[in-house]
Amino acid sequence: MKRALIPGTFDPITSGHFDVIARASQLFDEIIVAPAASIKKSPLFTLEERVAFIEQATADLPCVKVAPFDGLLVDFAKEMEATAVVKGLRAITDFEYEFQMTAMNYQLSPELETVFIMSPPQYMYLSSSIVREIAQMGGDVEQFVPACVNAALKEKYGNR
């Protein structure tokens with residue numbers, strides 16, 4: 001069985017994240033979406049909330065499971081018996097960062113492959129931080145996030 005991890009903070013999951021997950025689900029037998037605890041990033045949503053959002057957003061993708069992690073990605077990949085890490089790329093700046101992470105992960109675990117999936121044009125600008133900022137300022141983010149996230153952002157920031 002070919003199992004891949006899709007790690008990230010997912011604070012919150014966006015339509016761009018979902019696109020990468022759905023496309024990766026066509027390439028692997030099993031996908032484990034792995035939200036990181038990411039305490040140093042001070043996420044808006046708790047790890048439990050982020051897990052629930054991902055589970056709801058991917059409910060129609062039977063090969064997708066959600067498993068949060070805290071620690072080194074390569075250790076978690078071994079624990080999950082994953083053979084690949086899937087990362088979405090939006091722009092050249094994403095590539096530079098992900099290239100460094102891939103090189104380090106390769107040093108720590110040479111058998112773990114990294115697969116990059118390019119975002120389609122409609123998601124190249126989309127990030128969780130942009131979604132949070134728009135929502136915080138009272139903007140409509142419905143088209144950028146799953147319905148469960150949209151509702152949670154409205155609750156978090158109120159209907160301005």
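- Across all their heavy atoms, Ala34 and Phe69 have their closest contact at O-CE2, 3.3 Å.
- Between Ile117 and Leu27 the shortest heavy-atom distance is CD1-CD1, 4.3 Å.
- Placement of Phe144 and Phe45 within a single hydrophobic cluster is found when ILVMFWY residues are connected by side-chain heavy-atom separations under 4.5 Å, directly or transitively.
- Between Ser128 and His17, the shortest heavy-atom distance links the atoms OG-CE1, 3.2 Å.
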Margin query: Applying side chain to side chain contact (heavy atoms under 4.5 Å, CB included) to Val64 and Val33, what does each step give before you reach the verdict?
Written below: CA-CA 7 Å; Val64 174; Val33 181; 3.7 Å; yes

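- When the side chains of ILVMFWY residues are joined at heavy-atom separations under 4.5 Å, either directly or via intervening members, Phe95 and Met118 end up in a single hydrophobic cluster.
- Checked against a 6.0 Å centroid threshold, the rings of Phe53 and Phe10 do not count as neighbours.
- A salt bridge does not link Lys2 to Glu30: none of the charged side-chain nitrogens sits closer than 4.0 Å to a carboxylate oxygen.
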Checklist line | Residues Leu44, Leu153; criterion side chain to side chain contact (heavy atoms under 4.5 Å, CB included); working and verdict | finding: CA-CA 10 Å; Leu44 176 64; Leu153 285 166; 3.9 Å; yes

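- Val115 has its side chain out of reach of Lys87: every pair of non-hydrogen atoms, C-beta onward, lies at least 4.5 Å apart.
- Note that CD of Glu113 is 10.0 Å distant from OG1 of Thr102, once rounded to the nearest 0.5 Å.
- Taking all atoms of both residues into account, the shortest heavy-atom contact from Phe28 to Cys63 is O-SG, 4.4 Å.
- Without hydrogens or angle criteria, Thr9 side chain to Asp11 main chain gives no donor-acceptor distance under 3.5 Å.
- If you chain together hydrophobic residues whose side chains sit under 4.5 Å apart, Tyr125 and Ile134 fall into the same group.
- Counting heavy atoms from C-beta outward, Ile6 and Ile31 have side chains that approach closer than 4.5 Å.
- Here the side chain of Thr58 pairs no donor or acceptor atom with the backbone of Leu61 at under 3.5 angstrom.
- The nearest pair of heavy atoms linking Arg50 to Ala37 is NH2-O, 3.2 Å.
- A salt bridge does not link Arg3 with Asp29: none of the charged nitrogens is closer than 4.0 Å to a carboxylate oxygen.
- A donor-acceptor pair under 3.5 Å is absent between the side-chain atoms of Asn150 and the main chain of Pro146, judged by distance alone.
- Between Arg90 and Tyr123, every side-chain heavy-atom pair lies at or beyond the 4.5 Å cut-off.
- Across all their heavy atoms, Val85 and Pro7 have their closest contact at CG1-CD, 3.7 Å.
- Under a hydrophobic clustering in which Ile, Leu, Val, Met, Phe, Trp and Tyr are joined whenever their side-chain heavy atoms come within less than 4.5 Å, directly or via other members, Leu5 and Leu72 fall into the same cluster.
- The hydrophobic cluster containing Ile130 does not contain Leu89, counting ILVMFWY residues as joined when their side-chain heavy atoms lie under 4.5 angstrom apart, directly or transitively.
- A donor and an acceptor atom, one from each side chain of Glu111 and Ser109, are located under 3.5 Å apart.
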Next item on the list: Would you sort out whether Thr14 and Ser127 count as a side chain to side chain contact (heavy atoms under 4.5 Å, CB included), showing the intermediate values?
Entry: CA-CA 7 Å; Thr14 68; Ser127 69; over 6 Å; no

